Amino acid sequence: MAHNTFHVALYVEDLDAAIARYRKILGQEPSKVRHDYAKFEITDPPVILSLNVGGEPGAVSHLGIRYPGTADVASEMVRVKHEAVELLEQKGTTCCYAKADKFWVRDADGMPWEMYTLLEDAEAETAADQTLRRFLEQDATRRTDACC
């Protein structure tokens, strides 16, 4: 049975230095590395740690949960909508070198949460969705860019 996986995205100043340090801290190689992005998939405890260039170094870009499939994302989205939480839905979007079905919400303090399932890896970053940019910038005082 597939499980949900916690996701945390951190901004880093020097991606190569961050990758080298997290290799030592986590004792494993990243599962994906691009010129401005890296991802570690930790199995115990299950967490996805992504490192992103472009924001305030050391700051959390966003948090999230990766679900096993699109149906899981859809049912969670229905539940969240029923709770009257504002959200942004994205189907088949490409961001952070991956294609995903997802929706975004904000917690009470404005932290963005990405609720998604991975459809497939992608070679391009392509995080140019202006609707997402506007959603993430609402009530965000320190965050400048957020993606997977």
Side-chain angles (χ1 to χ4, degrees), residues 1-77 80 85 87-107 109-148:
M1 177 181 192
H3 297 281
N4 299 340
T5 305
F6 183 69
H7 171 89
V8 61
L10 301 175
Y11 286 125
V12 299
E13 184 172 358
D14 182 331
L15 185 62
D16 291 334
I19 291 169
R21 177 59 60 109
Y22 278 105
R23 277 183 177 127
K24 293 175 183 178
I25 292 170
L26 302 172
Q28 69 181 58
E29 292 296 312
S31 59
K32 184 185 292 187
V33 177
R34 301 294 188 267
H35 75 281
D36 59 350
Y37 176 84
K39 177 174 70 172
F40 288 84
E41 295 212 24
I42 304 158
T43 56
D44 187 18
V47 65
I48 298 161
L49 172 65
S50 63
L51 309 174
N52 302 281
V53 175
E56 181 182 335
V60 174
S61 166
H62 63 278
L63 302 172
I65 298 173
R66 183 172 74 189
Y67 294 93
T70 296
D72 303 292
V73 172
S75 65
E76 282 301 301
M77 188 172 60
V80 171
V85 174
L87 61 82
L88 173 66
E89 179 181 6
Q90 296 183 299
K91 290 184 180 178
T93 189
T94 301
C95 176
C96 295
Y97 306 98
K99 184 175 180 182
D101 286 339
K102 63 177 81 177
F103 69 95
W104 291 86
V105 295
R106 290 184 158 286
D107 71 13
D109 293 314
M111 176 61 69
W113 278 77
E114 175 188 32
M115 316 305 249
Y116 71 101
T117 189
L118 176 65
L119 300 175
E120 63 187 8
D121 279 338
E123 290 303 314
E125 201 321 327
T126 66
D129 185 332
Q130 292 305 312
T131 304
L132 173 61
R133 298 269 184 236
R134 285 190 298 276
F135 180 83
L136 294 175
E137 290 170 3
Q138 293 172 357
D139 302 322
T141 56
R142 295 183 5 195
R143 294 169 186 82
T144 59
D145 188 17
C147 180
C148 326

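Predicted, not measured: the structure shown is a model, and the values here were computed from it. Below, each value reflects all heavy atoms present in this structure, side chains not excepted, and no hydrogens, waters or symmetry copies.
- When side chains are defined from C-beta on, C95 does not count as touching E114, because their heavy atoms never get closer than 4.5 Å.
- The CG atom of L119 sits 9.5 Å away from atom NZ of K102, with the distance rounded to the nearest 0.5 Å.
- Expressed to the nearest 0.5 Å, how far CG of D109 lies from CE of M111 amounts to 8.5 Å.
- For L51 against A18, the heavy-atom pair with the smallest separation is CD1-CB, 4.0 Å.
- Take D72 and apply the side chain to side chain contact (heavy atoms under 4.5 Å, CB included) test, not counting sequence neighbours, and it matches Y67, P68.
- The salt bridge (charged side-chain N to carboxylate O under 4.0 Å, His left out) analysis of residues 10-19, with sequence neighbours excluded, yields no pairs.
- Nearest heavy atoms, E41 versus S31: CG-OG, 3.4 Å.
- Contacts of K32 classified as side chain to side chain contact (heavy atoms under 4.5 Å, CB included), with partners at least two apart in sequence or in another chain: R34, Y37, K39, Y97, A98, D121.
- Note: E123 CD to T94 OG1 = 11.5 Å, rounded to the nearest 0.5 Å.
- Qualifying side chain to side chain contact (heavy atoms under 4.5 Å, CB included) partners for V105, counting only residues two or more places apart in sequence or in other chains: V80, V85, L87, F103, W113.
- Residues I65 and H7 share a closest heavy-atom pair of N-CB, 4.4 Å.
- For the residue pair S61 / N52, no side-chain donor-acceptor distance below 3.5 Å is found, with atom types taken as modelled.
- Checked against side chain to side chain contact (heavy atoms under 4.5 Å, CB included), V33 has the following partners two or more places apart in sequence or in another chain: I19, P30, A38.
- Smallest separation of non-hydrogen atoms from L118 and A100: CA-CB, 4.5 Å.
- In plain terms, the two heavy atoms of D36 and L15 that are nearest each other are C-CD2, 3.6 Å.
- Taking the side-chain hydrogen bond (donor to acceptor under 3.5 Å, both in side chains) definition, one finds that E120 meets it with nothing, sequence neighbours left out.
- Smallest separation of non-hydrogen atoms from T117 and V73: N-CG2, 3.6 Å.
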